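The model shown is predicted, which means the values in this text are computed figures rather than measured ones. Numbering starts at 1 and runs along the sequence shown. Start at 1 and go down the list; that is how both ligands and their atoms are numbered.
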Amino acid sequence: MKIIYGIFLFLYLIIMKVVIVAFLVSFVKLSVGQGIYAPAAGQTGTTAIHKDSSIIVSWASSCHVIRGLKHIDSAQLGYASQGVDSDALAIADGKTVSLGDSGVATIQFDGTIYDGAGADFVIYENAFDPTFLELAYVYVTSDGVAWDRFDYDYTDPRTTQIGPFGASDPTHIHNLAGKYEVFYGTPFDLSDLRFNPSIDKNAITQIRIVDAIGDKNRLHFLTDSVYVNDPFPTPYESGGFDLDAIAAIHLNPATSIDEEVANTIRLYPNPSINTLNIIGEFDEVIIINTQGLLVSKSQEQSIDVSGLSPGVYFANVKHDNEFIIKRFIKK
Ligand SMILES: [Ca+2]
Ligand SMILES: [Ca+2]
């Protein structure tokens, strides 16, 4: 008897969830009207990419998060803290790192992303259904110095603040991460970037994801941008964008570089204290820290690293227009 009751209760809860979601979706559509952009996962015309899609060739191998506050106007509440940086690595699994208000995640792959046909990389959030969306801006760089943001659009006509659990319709959202529910990623196509001589769309070394605060009453720090009405406030450990994973579709793996050339480049000594020597033929070396920030650029064989703070660094050694990435430790 108990078991039968349990089964009924289970079915009832599932049916109720479906009814509630259907109601919310239709409510959002009725209240704000449909936009012109791609609809939720599973619907005709969606651009959502499931985590098991065969077009995915790789997942992020490094992630560094600078957390934002739980509530941008209440520093005393502290920073978002749910998850750790490594929760954004490997295949989307629903485990996330929360960025907080305006928090920043910087991501690298074992290789560089290039602009192939259609979407080139995919960002996964953990929205538990198609309408509870938290959004983020997306930037890329090809040298760790110059960053370019994807132009986005946000056309939801509502003028009232979307609350912490308010619903959104993905048809109003374009080129912002977090457009789709958990396990369905938002695709980004490098051909959408405006021409920028400082960005090589065929050798993207890092992707940066910046939480959209969404506060109606706040002038956004990006003065050239369209206002994004994101759920606000979200003063929780899990506040802000919840990053699950980042997939690459068009990746030149680090190992595709002529292995012989890669093996001729050596860093010595490693760890280094004052001087890092690059052994082998190269055109230029760019040293970046684990936050993806450039710390040194040189064409010399011997580089003075005495001023660097101790830690792990990446030497991006350029040779014949390809980057060989070598890791070293500064003591
Ligand atoms: Ca592309
Ligand atoms: Ca994850």
Closer than 3.0 Å to the Ca ion (ligand 2), do we get an N, O or S atom from Ala92, backbone or side chain?
no
Could you check which N/O/S atom of Asp189 is closest to the Ca ion (ligand 1)?
OD1
So, for Ser296 and Ile303, which heavy atoms are closest and what is the spacing to 0.1 Å?
OG-CG2, 3.8 Å
Is there a path of hydrophobic side-chain contacts, each under 4.5 Å between heavy atoms, that joins Tyr37 and Leu133?
no
Of the N, O or S atoms in Asp115, the one nearest the Ca ion (ligand 1)
OD1
Using every non-hydrogen atom in the two residues, find where Asn202 and Asn252 come nearest and quote the distance to one decimal.
O-ND2, 4.1 Å
Can you give me the closest heavy-atom contact between Leu267 and Lys326, atom names plus distance?
CD1-CB, 3.6 Å
Name, closest N/O/S atom of Asp87 to the Ca ion (ligand 2)
O
Could you check whether Lys95 pairs with Asp87 (Lys NZ or Arg NE/NH1/NH2 to Asp/Glu carboxylate O, under 4.0 Å)?
yes
For residues His174 and Tyr152, establish whether the separation of their ring centroids is below 6.0 Å.
no
Do you know the tightest heavy-atom contact between Ala60 and Ala88?
CB-O, 4.2 Å
Which value, rounded to 10°, describes the O(Gly118)-the Ca ion (ligand 1)-O(Gly116) angle?
90°
Atom of Asp93 closest to the Ca ion (ligand 2), considering N, O or S atoms
OD1
Under 3.0 Å from the Ca ion (ligand 1), is there any N, O or S atom belonging to Ala117?
no
Suppose we only count N/O/S atoms under 3.0 Å; would Ala119 qualify as near the Ca ion (ligand 1)?
no
Can you check the angle at the Ca ion (ligand 2) formed by O of Lys95 and OD1 of Asp244? Round it to the nearest 10°.
90°
